[in-house]
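Written out below as structure tokens is the structure these notes cover.
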Amino acid sequence: MTFTVKEIAETLGGTVIGNEFFTVSGVSDIDGASGDHITFAVKRMYFKKAINSVAGAIICSDHYGLSTEKPLIIVSNPRFAFARVLDLFKEKSHSYTGIHHTCIKGEEVYFSNDVIIYPNVYIGDNVKIGKSTVIYPGVHIGNNVIIGDFCIIYPNAVILDRVTAGNNVIIHAGAVIGSDGFGFERDGKTYYKIPQIGSVLIEDDVEIGAGTCIDRATTGVTTIGKGTKIDNLVQVAHNVSIGENVVIAGLSGLSGSVRVEDNAIIGGQVGIADRITIGKNAVLSAKSGIISDISPDCRVAGYPALDYREFFRSVAYMKKIEHICSDIKNLREELLKLKNCEEEKHVAALQSKDCEY
């Protein structure tokens, strides 16, 4: 698979400087590039490094006044442009076509055009699967499930009853969608399991990472909004509502009935207590512990979560605490010496006064 610099620039909407007919056969970062590869640079220092590399062409936002014989593609956002070029060179991953004869399906199952079902897939009753959707081996799909168009369900994912997924949804290997919410009530000395009879709604353009679990609602719907991206090994509990274009990094946990509004960013290993609301555009730094509502546009860190500037100031103070303790100890010793000295002077003065009499 090869493209000319001109063809790539037309795809990206960029401007070519240099040889627009240079042929590109691969894409790579600066350090791993070969002579027929294209790479990208986001700053002057990286642009200089790219010039000195063996890469044949460069995607950048400016040539920074540095001369080079390498063809350049000038774009406003090199990182985004690089992602699009990677998509150009991505190999087709679906080697199978049609519906394999080992697929086990229940009653009232409807497949749209060009659906691909790999071997050993189970599909329950009353299921609809949209056009050009791909379902890999070992996937379990329960009853009353709707999966939209152009979706990809990777191996061994489990989609349980009453789940609805929109178009262009990607569910990675081992994810579990629609499992029971973690609901129990004490009955004397034991726990009574609260039936979880709700559902899960996944809107268009959502990606769900490997090993992630999304619980169905106790009643009502657990919702994942349009364009949201969820990393591997994330827990989304029952009745959670996640807005549009939210990003959640790996190993985070959202407790029951949490509400996350549009465009929020949740870092890795963040824990959010139940019934908390995360406002629009909020940023939760990695390992934050969220035990109260976060206002829109806030950025927080630490446990309990604080404004990130306040948190990092406290971290800086903690690093100095050993020296501060040492200084306090020295001051105490100096004060004790002064106190002893004053007492000795006082005693000497009394003794001198007695001698006068």
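Computed from a predicted model, the values in this text were never measured in an experiment. The chain is numbered in sequence order, starting from 1.
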Quiz item: Val236 and Val258: same hydrophobic cluster, using ILVMFWY side-chain contacts below 4.5 Å?
Solution: yes
Quiz item: Ignoring hydrogens and geometry, is there a side-chain-to-backbone donor-acceptor pair from Thr228 to Gly243 under 3.5 Å?
Solution: yes
Exercise. For Asp29 and Gly32, indicate whether the former's side chain and the latter's backbone hold a donor-acceptor pair under 3.5 Å.
Key: yes
Quiz item: Does Tyr303 OH have over 12 foreign heavy atoms under 6.0 Å away?
Solution: no
Quiz prompt | pair Asp262-Val246: side-chain heavy atoms closer than 4.5 Å | solution = no
Exercise. Specify whether Phe184 and Tyr191 have parallel, tilted or perpendicular ring planes, treating 30° as the upper limit for parallel and 60° as the lower limit for perpendicular.
Key: perpendicular
Self-check item: His100, NE2: over 12 other non-hydrogen atoms inside 6.0 angstrom
Solution: yes
Quiz item: Can Asp274 and Ser257 be counted as having a side-chain donor-acceptor contact under 3.5 angstrom?
Solution: no
Practice problem: Indicate yes or no: at least one non-hydrogen side-chain atom of Leu160 is less than 4.5 angstrom from one of Ile177. | Solution: no
Quiz item: Which value, rounded to the nearest 0.5 Å, describes the distance between Glu334 atom CD and Lys339 atom NZ?
Solution: 15.5 Å
Quiz item: Only one of Ile291, Val260, Ile290 clears side chain to side chain contact (heavy atoms under 4.5 Å, CB included) with Ile276; which?
Solution: Ile290
Quiz item: Salt-bridged, Asp297 to Lys280, with N to O below 4.0 Å?
Solution: no
Quiz item: Does CZ belonging to Arg186 count more than 12 external heavy atoms closer than 6.0 Å?
Solution: yes
Quiz prompt | Check ion pair Arg259-Glu261 (N to O, under 4.0 angstrom) | solution = yes
Quiz item: Is it true that a side-chain atom of Lys48 and a backbone atom of Leu66 form a donor plus acceptor pair closer than 3.5 Å?
Solution: no
Quiz prompt | Donor-acceptor contact present, side-chain Thr11 to main-chain Glu7, <3.5 Å | solution = yes
Practice problem: Decide whether Asp204 and Asn168 meet the rule of one side-chain donor and one side-chain acceptor closer than 3.5 Å. | Solution: no
Quiz prompt | Gap separating the CD atom of Glu10 from the OG1 atom of Thr4, nearest 0.5 angstrom | solution = 7.0 Å
Self-check item: Steps toward side chain to side chain contact (heavy atoms under 4.5 Å, CB included) verdict (Val300, Tyr308)
Solution: CA-CA 4 Å; Val300 300; Tyr308 79 103; 5.8 Å; no
Quiz prompt | Exam field: side chain Thr39 to backbone Ile30, donor-acceptor pair closer than 3.5 Å | solution = yes
Quiz item: Do Val27 and His37 have side-chain heavy atoms sitting under 4.5 Å apart?
Solution: no
Exercise. I would like to know whether Ile74 and Cys60 meet side chain to side chain contact (heavy atoms under 4.5 Å, CB included); could you show each step before the answer?
Key: CA-CA 5 Å; Ile74 307 298; Cys60 54; 3.6 Å; yes
Exercise. For side-chain hydrogen bond (donor to acceptor under 3.5 Å, both in side chains), just list the numbers for Asn144 and Asn126, CA-CA rounded to whole Å, side-chain angles, deciding distance to a tenth of an Å, and then say yes or no.
Key: CA-CA 5 Å; Asn144 303 302; Asn126 192 28; 2.7 Å; yes
Quiz item: How many angstroms lie between atom CG of Leu306 and atom CZ of Phe312, to the nearest 0.5 angstrom?
Solution: 10.5 Å
Quiz item: Quick one: does Ser179's side chain get under 4.5 Å of Val176's, heavy atoms only?
Solution: yes
Exercise. Establish whether Ile146 and Ile129 are linked, either directly or via other cluster members, by ILVMFWY side-chain heavy-atom contacts under 4.5 Å.
Key: no
Quiz item: Ion pair present between Asp161 and Arg216, side-chain N to carboxylate O less than 4.0 angstrom?
Solution: no
Self-check item: N/O donor-acceptor pair under 3.5 Å between Arg79 side chain and Val42 backbone
Solution: no
Quiz item: Any chain of hydrophobic side-chain contacts (each under 4.5 Å) joining Ile59 to Val16?
Solution: yes
Exercise. Tell me whether Phe150 is reachable from Val115 by hopping between hydrophobic residues (I, L, V, M, F, W, Y) whose side-chain heavy atoms are closer than 4.5 Å.
Key: no
Quiz item: Which residue, Val234, Ile230, Ile248, Asp231, forms the side chain to side chain contact (heavy atoms under 4.5 Å, CB included) with Ile266?
Solution: Ile248
Quiz item: So how far is it from Glu20 CD to Ile73 CD1, rounded to the nearest 0.5 Å?
Solution: 10.5 Å
Quiz item: Can you tell me how far OG1 of Thr133 sits from CG of Asn113, rounded to the nearest 0.5 angstrom?
Solution: 11.5 Å
Quiz item: How close do Cys103 and Ile123 get, heavy atom to heavy atom, and via which atoms?
Solution: SG-CD1, 3.9 Å
Self-check item: Val85 vs Ile38 side-chain heavy atoms within contact, under 4.5 Å
Solution: yes
Quiz item: Between His63 and Ile17, what is the shortest heavy-atom contact and its length?
Solution: CD2-CD1, 3.6 Å
Quiz item: Is a side-chain donor or acceptor of Thr2 paired with a backbone partner of Ser25 at a separation under 3.5 angstrom?
Solution: no
Quiz item: Does a side-chain heavy-atom distance below 4.5 Å link Ile159 with Ile171?
Solution: yes
Quiz prompt | Any side-chain heavy-atom pair of Ile141 and Ile147 under 4.5 Å | solution = yes
Self-check item: Same apolar cluster (I L V M F W Y, side chains within < 4.5 Å links), Ile135/Tyr154
Solution: no
Quiz item: Taking the side chain from Asn143 and the backbone from Asp125, do they hold a donor-acceptor pair closer than 3.5 Å?
Solution: yes
Quiz prompt | Ionic contact status for Lys49 with Asp31, cut-off 4.0 Å | solution = yes
Practice problem: Please assess Val169 against Asn167 for the test side chain to side chain contact (heavy atoms under 4.5 Å, CB included), listing each intermediate value before the final yes or no. | Solution: CA-CA 6 Å; Val169 170; Asn167 301 323; over 6 Å; no
Quiz item: Would you say the side-chain atoms of Thr212 pair up with the backbone N or O of Leu233, donor to acceptor, closer than 3.5 Å?
Solution: yes
Self-check item: Test side chain to side chain contact (heavy atoms under 4.5 Å, CB included) applied to Tyr136 and Asn156, step by step
Solution: CA-CA 8 Å; Tyr136 278 86; Asn156 300 317; over 6 Å; no
Quiz item: If you count the non-hydrogen atoms of other residues, nucleotides and ligands that lie under 6.0 Å from CD in Glu108, is the total more than 12?
Solution: no
Self-check item: Minimal non-hydrogen separation, Asp180 against Lys193, with atom names
Solution: OD2-NZ, 3.1 Å
Quiz item: Can you check side-chain hydrogen bond (donor to acceptor under 3.5 Å, both in side chains) on Asn19 and Glu69, steps first, answer last?
Solution: CA-CA 8 Å; Asn19 180 12; Glu69 295 181 357; over 6 Å; no
Quiz item: If you measure from OG on Ser252 to CG on Asn232, what distance do you get to the nearest 0.5 Å?
Solution: 11.5 Å
Quiz item: Would you call the rings of Phe89 and Phe3 parallel, tilted or perpendicular, where under 30° means parallel and over 60° means perpendicular?
Solution: perpendicular
Self-check item: Residue Lys229 excluded, over 12 heavy atoms near NZ under 6.0 Å
Solution: yes
Quiz item: So, Glu203 side chain and Leu201 main chain: donor-acceptor pair closer than 3.5 Å or not?
Solution: no
Quiz prompt | Student check: side-chain heavy atoms of Ile117 and Phe111 closer than 4.5 Å | solution = yes
Practice problem: Output yes when Asp87 and Arg84 qualify as a salt bridge under the 4.0 Å nitrogen-oxygen rule, no when they do not. | Solution: no
Quiz item: Do Thr222 and Asn239 have side-chain atoms, one donor and one acceptor, less than 3.5 Å apart?
Solution: no
Quiz item: How about Tyr46: does its OH atom have over 12 heavy atoms from other parts shown lying under 6.0 Å from it?
Solution: no
